[in-house]
Amino acid sequence: MEERLLVKDTPVDYFNLTSDLLCVISHTGRFLSVNSAWEKKLGWKKEDLIDKEVQDYVHEIDVDAFKQFLKVSHRQGMFNIVIRMLSKNNNYISLKLECEIQNTNFLLRCMILNHERLLNLQGIGHSQQLEQVYEGILQTSIVAITDVNGNITFANNNFSKISQYSFAELFGKNHRILKSGVHSDSFYKEMWNTISKGNFWHGEVCNRAKDGSLYWVDTKILPIKSVEGAITSYFSIRFEITDRKRYAENEENQRIEISELIQQASIGIIKINKDKSVPLINKRACDILSISKDEMNHLTLDCLFAKLPLGYTPSTPAIFAGKLPSHHSEMTISSKNQEFYIKNTIFPIHNKTGEITSVVVLMDDISEHRKSENELRKRDALLQGILDHSSSVIYIKNTEGKYILVNHEFEQLTGFAKDFILNKTDFDLFPERYAEKINQNDSDVIMIGRPLNYEDTYPHLEGDKYLFSSKFPIFDNNNKVSGVCSIGYNFSDQKKLYDQLTMMNLRFEMALEAGSFSIWELNFKTQKMILTTPCYKLFGLEQNKFDGSFDSFCLRIHPDDASEFKKQVFNYNEKSLLIEFRILINDDVRIIQSYVKASKRGDGSESYSVGISRDITEVRLHEIQFVQSSKLSTLGEMSAGIAHEINNPLAIISGKVQQMINIIEEPEFKRDLLLKYAQNIEKSSHRISKIVNGLLTYSRDGSKDNFVKISLAEIVSETIEFCQTRFKNHSVELRIKEISQDFNLECRGTQISQVILNLLNNAHDAILNLKEKWVEISVIDSGNTYEIRIRDSGSGIPKSVRDKIMQPFFTTKEVGKGTGLGLSISQGIVKEHGGKLFIDDKDDHTCFVIELPKLHSTQTRGDK
Amino acid sequence: MKNCKGKVVLVVDDEEVLREILKDEFERLGATVLEAKNGHEAFEIYNKTKVDVVISDIRMPDGDGIELVNNIRGSDFEMPVVLFMTGFSDVTLDGAYAMGVNAIFKKPFQLKEICKTIAQLLVPFNERFSVKSESQITQHHSANLPSIRDSLDNGNLVLGRGGVFIKDGVIEKLKLGTVEVEITFKTGQFLVLQFEGMIRWIRSIDDNHLPAGIGIEFVFLPDGIRQFFSEEIKQTNPRAYIPNGK
């Protein structure tokens with residue numbers, strides 16, 4: 001049908017013979033028929049295209065334009081458009097379409113525009129190679145052709161891509177639509193002048209794309225002339241150079257910026273060329289070197305050197321000579337009233353061949369830095385001084401546990417030098433068990449982030465050292481913990497002392513416990529007492545009930561002894577006293593002996609006394625028993641004599657009686673003889689009576705007797721009666737000076753007799769081995785007192801012995817011969833009588849004196 | 001008592017009245033009495049004058065009785081010495097007999113006893129123990145020994161100038177006082193030793209290196225034995241009156 005239609009309207013031979021591309025398209029846009037030119041020009045066979053959508057073969061950019069073309073053509077008829085159509089070998093070929101409406105179909109005449117025309121226009125013969133070159137240019141470049149007025153007649157795909165306009169939009173439009181406004185009118189004028197004269201123009205042009213963005217293209221415009229030489233069109237080839245353009249622009253901007261930076265830089269910058277010219281010097285450098293603006297403009301190296309301080313050797317020549325690499329130097333420049341500390345950084349600049357072409361000097365003004373550095377250094381020195389003279393052990397560690405600061409005390413403590421310690425950890429310095437502990441403590445502070453107190457232990461040759469350390473974290477500018485500082489107080493000595501003290505105290509307490517020492521301490525001011533455990537026990541006090549006051553303590557003391565006890569205890573004279581007193585525990589009387597010493601505490605502010613007490617009740621009881629038993633032993637020693645002494649008068653009595661019987665039996669009464677015998681008997685009886693009395697006197701305990709007045713002569717004679725046999729037996733002469741019958745002594749007769757007997761016996765024993773053996777007893781009336789003097793043929797008592805002689809158990813007699821109790825007991829008895837027993841050291845011989853008050857009442861009144 | 005007649009008695013005592021009593025008594029018996037108030041004085045008299053018997057107190061200043069006995073026995077084992085002793089003496093009873101004291105008296109004493117004893121002591125050994133005592137003997141002591149020779153040699157019997165020490169034997173029941181002794185020997189010169197004596201001391205257990213036993217003063221010795229002992233004493237010349245062991 002289409003064939004028929006075609007035949008009817010168009011001559012078939014023209015349809016098939018013409019070189020133009022002819023086709024019939026349905027109103028739906030499908031190929032209805034194509035002529036053979038399609039196959040020749042585009043390679044499409046009839047069967048390839050028939051019934052296919054035409055727009056499928058149109059370049060996508062041109063599709064809309066094509067559709068518009070068909071629409072418009074349908075309404076108005078006769079219209080043309082340039083589109084690109086796909087060829088069989090996948091190229092787009094630009095076609096100029098002319099449309100005729102036939103019924104509802106379109107008859108399209110498509111004229112190939114591009115190369116065919118182009119080649120024709122340039123008069124270049126059609127050749128396969130040229131076609132390929134042209135294809136290549138179209139593929140790679142932005143290509144456009146305008147008419148002489150600048151209206152676009154052709155634009156390739158690349159042109160559409162960069163300008164964002166489709167060919168349909170561009171076709172017939174003046175190239176001015178792409179004008180960017182970047183270039184001046186003269187720019188375009190110059191271009192048109194060039195090309196309108198038929199000359200080739202090359203330049204960089206900025207165009208505006210459809211969306212308004214700018215793009216740069218390297219543009220070459222070639223005027224195309226007719227054979228007659230008239231310009232028919234302009235052929236242009238462009239390459240996009242937007243990126244390069246932008247880069248170059250940045251480059252330029254940067255160059256300006258750098259230059260500005262250099263000028264405005266706070267460091268001085270000078271560039272020196274090898275030819276001694278100074279191509280660059282910035283403002284700061286001029287300031288530093290006091291270079292004026294005039295000088296700056298024609299500055300030379302020599303001029304520059306002249307500005308340098310005396311004594312500063314410029315290194316520039318050496319650098320140029322390649323003898324010195326980049327380096328730093330410092331110099332001080334005094335200018336006007338200012339002094340600069342300059343740190344120079346000097347480095348060479350090489351060209352591509354490695355030759356040194358110039359030297360750059362950077363001058364950094366470090367005056368402020370130097371000042372603050374000096375300040376800092378001073379402060380550091382000050383701080384180190386303070387640290388080193390501190391008696392505390394101080395160190396700072398960083399968060400890695402490395403020492404970054406230590407003071408002298410720390411060196412002393414550890415025995416390491418500072419330089420050795422720094423940057424080391426505890427584990428580098430100390431045995432693990434110490435390091436672990438110290439490090440842990442420091443780590444805790446770093447972790448917790450606040451001050452903590454610890455007891456640190458450090459190893460030391462002289463034994464472990466102990467530190468009481470206050471550790472606190474150190475914060476950096478960001479308020480983050482950057483380390484730990486430890487300020488430690490070395491209390492090793494105190495600890496050692498404390499340990500020793502504790503040990504001593506323990507030993508002391510053990511000793512006290514073991515020895516059952518009863519110790520009390522009385523503070524004079526507070527009147528408070530401290531008692532040891534045995535002391536509580538001794539005084540019958542309960543530890544939890546006793547209020548510690550001296551008054552409560554004194555309640556324990558026998559009422560008769562309490563006042564004396566208080567007097568003694570408070571008698572402050574730093575002399576030790578031995579006091580004896582009774583205490584009452586549940587009606588049980590105990591005798592306590594206290595060794596008391598009053599003293600002042602270290603600073604003298606407080607007085608106190610300390611007493612060590614013991615219960616001597618048993619001792620006293622033993623002593624009493626001992627006195628009795630010693631009396632008995634003396635009694636045993638003397639009983640032979642006593643028996644003898646009694647037996648003699650008995651034998652006399654017995655003998656005389658037997659004789660009297662004989663006389664009576666005799667016839668002669670011898671009255672005188674009987675009388676004499678009877679008198680003998682009477683006398684002998686008295687002798688026996690005396691001895692027996694003496695024996696009683698000696699053996700009984702007279703300590704509870706009442707004081708009564710007794711004749712001294714009687715006491716002495718009774719005593720002598722009792723011991724004279726002993727004297728007689730050992731050929732010791734007993735000299736008795738006559739004692740007045742008027743000498744009456746108020747005393748316990750038995751006790752005084754015992755004392756005299758004891759002294760007589762002692763005298764007897766002392767002189768037994770001497771050649772001259774005598775003991776003398778005499779009594780002197782010395783007013784209120786009687787002195788009973790017992791002298792012997794000995795030559796006195798050595799002073800060393802004299803002091804001890806009254807002490808219990810002191811004896812000069814050989815073992816077994818004496819108990820050593822005699823004199824001390826005698827002393828006690830005499831004291832009880834208010835008298836004195838002493839050695840008269842003025843006498844050439846040994847002379848013991850018993851001085852006794854005549855009346856017991858007088859001494860008691862006077863003493864109490 | 002008659003024996004005292006014409007004899008010289010030395011009385012030693014520091015008690016003048018006592019000396020006087022003894023002097024009166026011995027002079028009454030016809031003896032001459034010399035007095036000394038202590039041991040030293042007595043020994044001087046003893047050395048200068050012929051003395052037949054010494055009576056001394058034990059305790060005296062300037063030379064006691066023990067010292068005097070030792071001095072006399074230094075040269076004379078036969079001189080009779082009588083000593084006054086009390087229980088509380090420096091010398092024990094057996095010790096006193098062993099050192100040669102012939103008789104010991106306590107004060108007060110019976111004058112007649114002293115005189116009788118001294119009269120006895122003045123008789124020579126042979127004649128002295130020839131009369132049996134008239135008083136009743138209440139205790140008996142018997143023993144069995146190998147022979148008298150062996151017994152004397154090994155100390156089962158120790159002979160003194162007026163008595164004998166008999167070792168061991170059954171002595172528990174014995175008391176001080178008169179005793180009849182009968183010793184049976186298995187062999188030897190005598191098969192039986194029978195005599196009357198006075199037990200002066202008893203040592204029931206060994207003491208101070210001295211064996212237990214009894215000290216017996218002879219009262220009556222049969223003729224044969226008396227003869228034998230007399231010979232024996234002449235040969236051994238013991239110092240002890242009654243030995244206290246060997």
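Note on naming: letters A, B, ... go to the chains in the order of the sequence lines (proteins, then strands), and numbering restarts at 1 for each one. For the numbers below, each heavy atom of this structure counts, side chains included, while hydrogens, waters and symmetry mates do not.
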Check: Do other residues, nucleotides or ligands put more than 12 heavy atoms under 6.0 Å from K37(B) NZ?
Finding: no
Next item on the list: Assess whether atom NZ of K173(B) is packed by more than 12 heavy atoms of other residues, nucleotides or ligands within 6.0 Å.
Entry: no
Notebook entry, point to check: Is the shortest heavy-atom distance from the side chain of L650(A) to the side chain of K107(B) under 4.5 Å?
Noted result: no
Next item on the list: Check whether Y677(A) gets within reach of chain B through its side chain, its backbone, both or neither, counting any heavy atom under 4.5 Å.
Entry: side chain
Check: Passes side-chain contact (heavy atoms from CB on, under 4.5 Å), I21(B) versus Q658(A)? Steps please.
Finding: CA-CA 9 Å; I21(B) 293 169; Q658(A) 290 171 51; over 6 Å; no
Next item on the list: Give the C-alpha distance, both sets of side-chain angles, the deciding distance and a yes or no for side-chain contact (heavy atoms from CB on, under 4.5 Å) between E20(B) and K656(A).
Entry: CA-CA 10 Å; E20(B) 195 186 286; K656(A) 286 297 173 191; 2.8 Å; yes
Check: Does CD1 in I205(B) sit with more than 12 non-hydrogen atoms of other residues, nucleotides or ligands closer than 6.0 Å?
Finding: no
Margin query: Under the criterion side-chain contact (heavy atoms from CB on, under 4.5 Å), I'd like the reasoning laid out for E25(B) against N662(A): C-alpha separation, chi angles, the key distance, then a yes or no.
Written below: CA-CA 10 Å; E25(B) 195 61 25; N662(A) 287 343; 3.5 Å; yes
Note to self: Let me confirm one number: the OG-CD distance from S684(A) to E15(B), rounded to the nearest 0.5 Å.
What the structure shows: 7.0 Å
Margin query: For K106(B) and N647(A), which I'm curious about, is there any donor-acceptor pair between the side chains at under 3.5 Å?
Written below: no
Next item on the list: Please report the closest heavy-atom contact between A651(A) and P108(B), naming both atoms and the distance.
Entry: CA-CB, 3.5 Å
Notebook entry, point to check: When you look at CD of Q139(B), are more than 12 heavy atoms from neighbouring residues, nucleotides or ligands closer to it than 6.0 Å?
Noted result: yes
Next item on the list: Using a cut-off of 6.0 Å, state whether more than 12 heavy atoms not belonging to E666(A) lie near its atom CD.
Entry: yes
Check: Does atom CD of E16(B) have more than 12 heavy-atom neighbours, drawn from other residues, nucleotides or ligands, at distances under 6.0 Å?
Finding: no
